[in-house]
Structures are given as C-alpha cells and as structure tokens.
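For reference, the structure is listed below as structure tokens.
Numbering of ligands and ligand atoms starts at 1, following listing order. Just so you know, these numbers come straight off a predicted model, no measurement behind them.
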Amino acid sequence: MIHDARMVVGFTGAGISTESGIPDFRSPGSPWLSNKPISFELFLRSIEARREAWRRKFVMDDLYRGARPSQGHLGMAALVASGRMPAVITQNIDGLHQASGLSDEQVIELHGNGTFARCLSCGRRHELDWIRSRFEASGDPPACVQCGGVLKSATISFGQSMPEEAMRRARTAMARCDLCLVVGSSLVVYPAAAFPAFAKENGARLVIVNREPTPLDDEADLVIRAEIGPILSVFLS
Ligand code: NAD
C-alpha cells in the first residue's frame with residue numbers, strides 16, 4: 001500500500017514512545033492518570049496550581065530524561081526520508097520524532113511540545129533548565145524575561161484551545177494524502193482522533209498499527225495488531 005501511495009501521512013500517539021520507555025496514557029499503571037489533571041483555567045487562576053504543575057512536570061522529566069527514539073520513530077523517519085511521507089502528525093509531546101531526525105516542518109504537534117516552555121502572553125520560548133533552577137531556588141516559577149507573563153510548558157492542557165497552525169496543517173495534510181498510517185494511538189482523544197477518519201472520508205486508505213483494538217478498526221483498510229517496533233523497523237532496511 002505504501003508503494004502504491006502518492007502521499008502517505010503518519011499519525012502517531014503515545015504507543016510509539018512506549019518502546020522508548022515512556023508509558024502511554026491509557027495502558028494499566030499509567031503514571032499520567034495518577035494525578036487529577038490541572039485544567040488550563042485553574043493553571044491561569046491559581047499560583048498554587050502552577051507550582052503543582054511545575055513540580056509534576058519536573059518529576060516526569062526526571063523519569064523519562066534518557067528516552068531515545070524507538071524503532072517506531074526511526075521507521076517513520078525512514079519513510080519521511082524516502083520521500084513518500086512529507087509529515088507526521090503527532091499527539092505526542094515528547095519531541096522524539098524530532099530526535100529521530102525529522103525537522104519541525106515534518107512534525108505537526110497537535111498537543112504541543114513538553115521539552116520547552118512558552119510565555120502565555122508574548123509567546124517567548126524559555127528553556128526548562130532555566131525555569132527549574134529558579135523554581136527550585138525560590139519555590140515559585142519565574143515570570144517571562146520579556147514581558148513578565150506566566151510561563152507554561154508548551155503543551156496543550158485540558159481546557160486549552162488547540163494550536164491553530166498545527167490544526168490547519170494537519171487538516172491540509174489529511175485532505176491531500178491517499179494513505180494515512182496510524183501508529184500507537186487508542187484514537188479516543190478528540191479532536192485529534194478525528195483526523196484519520198477525515199482522511200478516510202476524503203478517499204485515503206487507512207492503516208492502523210496498534211496492539212489493542214481502536215474505534216476506527218472497522219473503517220480501516222488494514223489493521224496490524226502487533227508491537228510497533230518490529231513492524232516499523234521493516235522501513236529501516
Ligand atoms: P493512548 O495511551 O490513549 O493509546 C496508546 C495506544 O498505543 C494504546 O491503544 C496501546 O495499546 C498502544 N500501544 C502502546 N504501546 C504499544 C506498542 N509498543 N506497540 C503497539 N501498540 C502499543 O495514547 P494516545 O492515543 O496518544 O492519546 C493519549 C494522549 O496522551 C495524547 O493526547 C498524548 O498527547 C498524551 N500522551 C503523550 C505521551 C508522549 O508524548 N509520549 C505519553 C502519554 C500521553
């Protein structure tokens with residue numbers, strides 16, 4: 001199907017990073033479900049919520065600091081390098097597609113990126129190490145160096161609007177592709193999960209690689225219910 005395709009677009013979820021050592025969201029024992037999420041509204045309203053968000057963030061960062069791209073990420077990067085797949089749309093926030101060699105133009109991040117922070121007022125980028133050293137020294141997260149605004153990890157929180165530019169790019173890519181390759185997503189988190197169905201409605205073939213069933217399996221042209229690494233590593237040879 002990939003050889004027959006004019007344009008492949010990838011769509012990845014947390015499952016592609018489990019072989020890098022980062023647990024997915026829904027599988028049993030998930031650390032992401034052990035705390036009640038801090039909504040965007042609460043983050044804005046409460047300094048204590050912001051302190052708690054940064055405490056949690058740095059604990060998670062310490063756990064997954066050494067994560068490296070999996071065979072799945074490398075397989076997707078090989079497909080991009082082959083010229084068959086111009087972009088990967090991802091729900092992931094771990095930056096591992098970029099670490100596998102893809103440029104920011106080749107990765108469309110629907111839920112942002114947790115490897116740096118931005119000012120919520122002026123958008124200026126801030127590095128996490130800088131924020132962490134000040135937070136640990138004073139007990140309070142620092143303000144934006146440019147405008148004094150609130151800094152937040154550059155991810156999309158519950159209740160925060162989806163990033164317009166990424167949503168526009170994802171819609172265009174899904175409308176143009178004739179093969180959508182979904183890897184490691186339960187396809188239940190909306191609006192992101194609507195994109196593969198949108199591609200299918202627009203005439204693309206749909207392939208799903210996931211170890212568990214998804215709500216879109218019945219619509220798919222091919223479902224590969226297996227571990228991601230061994231499947232995607234075929235693109236490495
Ligand atoms: P999900 O946890 O809902 O689904 C992941 C799917 O991948 C599951 O169905 C699981 O069975 C499957 N899976 C896991 N490891 C696999 C493997 N090695 N081989 C085959 N299948 C495997 O993830 P989602 O659909 O991406 O939605 C969860 C949300 O959580 C997303 O919004 C995402 O941003 C966020 N999240 C991101 C990360 C990350 O960046 N690495 C980690 C956890 C959660």
Worksheet item: What's the shortest distance from atom 14 (C) of ligand 1 to any protein heavy atom, and which residue and atom give it?
Response: Asp24 OD2, 3.1 Å

Worksheet item: Among protein heavy atoms, which sits nearest to atom 11 (O) of ligand 1, and what does the distance come to when rounded to 0.1 Å?
Response: Glu212 OE1, 2.8 Å

Fill in: Proximal ligand 1 atoms for Gly184, defined as those under 4.0 Å from one of its heavy atoms
5 (C), 6 (C), 7 (O)

Worksheet item: Which of parallel (below 30°), tilted (30 to 60°) and perpendicular (above 60°) describes Phe195 and Phe11?
Response: tilted

Worksheet, complete the sentence: If you scan protein heavy atoms around atom 21 (N) of ligand 1, the nearest is Arg211 N, 3.0 Å

Discussion item. Below a 4.0 angstrom heavy-atom separation, can you tell me which part of Ile228, side chain or backbone, both or neither, approaches ligand 1?
Written reply: both

Item to complete: Could you find the nearest protein heavy atom to atom 27 (O) of ligand 1 and give me its residue, atom name and distance?
Response: Val189 CG2, 3.5 Å

Worksheet item: Are Ser17 and Asp94 close enough that a side-chain donor and a side-chain acceptor fall under 3.5 Å?
Response: yes

Practice prompt. Record the part of Ala193 in heavy-atom contact with ligand 1 below 4.0 Å; permitted values are side chain, backbone, both and neither.
Written response: neither

Worksheet item: Relative to the heavy atoms of Gly13, which atoms of ligand 1 are at a distance of less than 4.0 Å?
Response: 26 (O)

Discussion item. For a quick check under 3.5 Å, do Gln91 and Ser185 share a side-chain donor-acceptor pair by atom type?
Written reply: yes

Worksheet item: Using 4.0 Å as the upper bound for N to carboxylate O, is an ion pair formed by Arg211 and Glu227?
Response: yes

Worksheet item: How does Thr18 reach ligand 1, by side chain, by backbone, by both or by neither, if only non-hydrogen atoms under 4.0 Å count?
Response: side chain

Worksheet item: Using 4.0 Å as the upper bound for N to carboxylate O, is an ion pair formed by Asp61 and Lys57?
Response: yes

Worksheet item: Between the side chains of Asn113 and Thr115, does any donor sit under 3.5 Å from an acceptor?
Response: yes

Worksheet item: So which heavy atom in the protein is nearest atom 41 (N) of ligand 1, and how far is it from that ligand atom?
Response: Asp94 OD2, 2.7 Å

Item to complete: Run the numbers for me: atoms of ligand 1, each under 4.0 Å from some heavy atom of Ala226, listed by number.
Response: 19 (N), 20 (C)

Worksheet item: Based purely on interatomic distance, does Val188 place a nitrogen or oxygen under 3.5 Å from a nitrogen or oxygen of ligand 1?
Response: no

Item to complete: Could you please spell out the steps behind the side-chain contact (heavy atoms from CB on, under 4.5 Å) verdict for Ile224 and Ile208?
Response: CA-CA 6 Å; Ile224 303 178; Ile208 298 177; over 6 Å; no

Item to complete: Would you mind finding which of Arg26, Glu109, Met60 brings a heavy atom closest to atom 3 (O) of ligand 1?
Response: Arg26

Practice prompt. Look at the rings of Trp130 and His126 and say which category their plane angle falls in: under 30° parallel, 30 to 60° tilted, over 60° perpendicular.
Written response: tilted

Fill in: From Ser186, Ala67, Gly95 - option closest to atom 1 (P) of ligand 1 by heavy atom
Ser186

Fill in: Under 3.5 Å: donor-acceptor pair, side chain of Asp178, backbone of Ala5
no

Worksheet item: Can you tell which part of Ile22 has a heavy atom less than 4.0 Å from ligand 1: side chain, backbone, both or neither?
Response: side chain

Item to complete: Mind checking whether Ala14 contacts ligand 1 via backbone (N, CA, C, O), side chain (CB onward), both or neither, at a 4.0 Å heavy-atom cut-off?
Response: both

Worksheet entry | Protein contact to atom 34 (O) of ligand 1 [nearest heavy atom, distance to 0.1 Å] | Gln91 O, 2.3 Å

Item to complete: Give yes if a backbone or side-chain nitrogen or oxygen of Phe25 is under 3.5 Å from a nitrogen or oxygen of ligand 1, and no if not.
Response: yes

Item to complete: For atom 6 (C) of ligand 1, grab the closest protein heavy atom and report residue, atom and distance to one decimal in Å.
Response: Asn210 OD1, 3.5 Å

Discussion item. I'd like to know if the side chain of Arg84 pairs up with that of His3 as donor and acceptor (distance under 3.5 Å, no hydrogens or angles considered).
Written reply: yes

Practice prompt. Indicate yes or no for a side-chain donor-acceptor contact from Ser20 to the backbone of Ser70 under 3.5 Å, with no hydrogens or angles considered.
Written response: yes

Worksheet entry | Backbone of Arg168 reached by a side-chain donor or acceptor of Thr172 within 3.5 Å | yes

Discussion item. Please list, in number order, the atoms of ligand 1 under 4.0 Å from a heavy atom of Asn92.
Written reply: 37 (C), 39 (C), 40 (O)

Fill in: Top protein contact for atom 43 (C) of ligand 1, by heavy-atom distance
Trp32 NE1, 3.2 Å

Worksheet item: Is His111 touching ligand 1 with its side chain, its backbone, both, or neither, if touching means heavy atoms under 4.0 Å apart?
Response: side chain

Practice prompt. Check ligand 1 against Glu19 and write out every atom of the ligand that is under 4.0 Å from a heavy-atom position of the residue.
Written response: 18 (N)

Worksheet item: Does Ser233 use its side chain to pair, donor to acceptor, with the backbone of Pro230 at less than 3.5 Å?
Response: yes

Worksheet item: Does the side chain of Ser100 come under 3.5 Å of the side chain of His97 through a donor N or O and an acceptor N or O?
Response: no

Worksheet entry | Whether Ser20 lies under 4.0 Å from ligand 1, heavy atom | no

Worksheet entry | Chi angles and distances behind the salt bridge (Lys or Arg N to Asp or Glu O under 4.0 Å) call for Arg225, Asp217 | CA-CA 10 Å; Arg225 203 163 288 162; Asp217 287 1; 2.7 Å; yes

Item to complete: With heavy atoms only and a cut-off of under 4.0 Å, state how Pro23 meets ligand 1: side chain, backbone, both or neither.
Response: backbone

Worksheet item: Under 4.0 Å from any heavy atom of Ser17, which atoms of ligand 1 are there?
Response: 41 (N)

